[in-house]
S.K.: 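Let me give you the structure first, and then I'll get to my questions.
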Amino acid sequence: MYTYDRKEHEKRMAWFQEARFGLFIHWGLYSISGKGEWERSDGRLPAQPYEGRIADFTASRYEPREWARLARRAGMRYAVLTTKHHDGFCLFDSALTDFKATESPAGRDLVAEYVTAFREEGLKVGLYYSLLDWHHPDYPHSTDMLHPMRGNPDYPDEGRDFNRYLDYMHGQIRELMTNYGRIDMLFLDYSYGDMKGEKWKAAELVDMVRTLQPGIVINNRLETGGATFGSLLTRNPLPWHGDYVTPEQIIPPKGIRNEDGELVPWESCVTMNGHWGYCTLDRNWKSSRTLVRKLVECVSKGGNMILNVGPDAYGAFPQESIDILEDFARWMDKNGESIHGCGPYEAPKPEYGRFTKNGDRLFFHAFEKALGAMPIEGVPRDRVLSARALATGGELPIVDNFSYGAFPDTIFVDTGSTAQLPDETDYVIELRLKEEGRSR
Ligand code: GLC
């Protein structure tokens, strides 16, 4: 009988809750067609000519050290790389299949190089592995909900041995947990319909993973997809409960809490444009300003954000993605302390921005210039020791002139006379607070 150990869980999650910000990387054969990683399923494409693209998979511009440097400078503390996506193509040298990068012109174990590069850059290392596999002959085809050959009578499921597929899937995850040193995160993806829980032999799988990688953080998708949360929110989590919840392309309006109203670890996974895998035609890039503010929003609600890059066919980050990561680097370089190690401040969302907090350091993220001094509500005036611009450390006056006297419960901070804030993306005001109940 499995007993959820809250203390053990909290200990395992400490680095994740401190990190707050990670890099997701979706790279594979789908990066060649440039139509996203669901191309086969969306188009109900047979295996060929799609899988024939392995002949064009060169990884000729794959520079994992450059990826790692960009991520670290952007303030990311961990990364997750797709080792096998739904199409079944493996970026790692699995002994269980030839449908892998080491059998392509790339001729390299791309996961091994990723792990080494990111670990050397000081980031935590995560691996994504798809529970679905549209290449494997024993995975359901015509009767499955998502397979490219779903509903196709030419692909009957008689004779397919799903247990044989599970042996393959568990075997590959064992390879990933054994052959690449310490792995900090496992992003499994994903459960749907009756394909969930023990259908994947989840208890046995999680037991194997935690035995091989005792401190590893596992997501919640042995139970669910991105749309629901799983048993972590209940008083009796299942043996294969996720360590964190994975809202997809959404930030939960109020964060995510369990049945007792306590915040649980969660991470919004977000694309920079509209696709996970490289998509030539998708020019719908979110602005850096929007993405920085979404990171702040996640942290203000007690969560993380993992931001995705889809490298192109050669393994190069798109220039737009590089530009966004470099914008993050500039902002995080000055303001990262208002993200890393921070969480929510239990007060209503301010009108002109958001709060994050770390101990006695309260960060007011100003997204909009106020008319006059910046009003900050929900902070008792007698607890505020000082106000500073986080980026420069420069003190900011707390003003009490005649305009503000009618609002004794609001603090007004002078942010300067210019019409715009000094940082139009997010101008961070740091308030140092007296500890609750202390005189100074
Ligand atoms: C969904 C998509 C998958 C993507 C994942 C990222 O599960 O199916 O393509 O890798 O979200 O969270």
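The figures here come from the full heavy-atom set of this structure, side chains too, leaving out hydrogens, waters and symmetry mates. In each ligand, atom 1 is the first atom listed, and ligand 1 is the first ligand listed.
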S.K.: Go through the structure and list residues passing side-chain contact (heavy atoms from CB on, under 4.5 Å) with Ser321, not counting sequence neighbours.
M.R.: Met272, Trp285, Val309, Pro318
S.K.: State which residues pass side-chain contact (heavy atoms from CB on, under 4.5 Å) with Tyr2; sequence neighbours excluded, sorted by chain then number.
M.R.: Tyr4, Pro239, His241
S.K.: Any pair with a residue in residues 194-224 that passes ring-ring contact (aromatic ring centres under 6.0 Å, His included), sequence neighbours left out, goes on the list, sorted by first then second residue, please.
M.R.: none
S.K.: Listing by chain and number, which residues have a heavy atom under 4.0 Å from ligand 1?
M.R.: Phe24, His26, Glu37, Trp38, His85, His86, Tyr128, Phe187, Asp189, Tyr190, Arg221, Glu248, Cys269, Trp276
S.K.: Are any of the side-chain heavy atoms of Val125 and Tyr78 separated by less than 4.5 Å?
M.R.: no
S.K.: Picking from Leu186, Leu127, Ile173, what satisfies side-chain contact (heavy atoms from CB on, under 4.5 Å) with Thr83?
M.R.: Leu127
S.K.: Counting distance only, does the side-chain N/O of Arg361 pair as donor-acceptor with the main-chain N or O of Thr356 below 3.5 Å?
M.R.: no
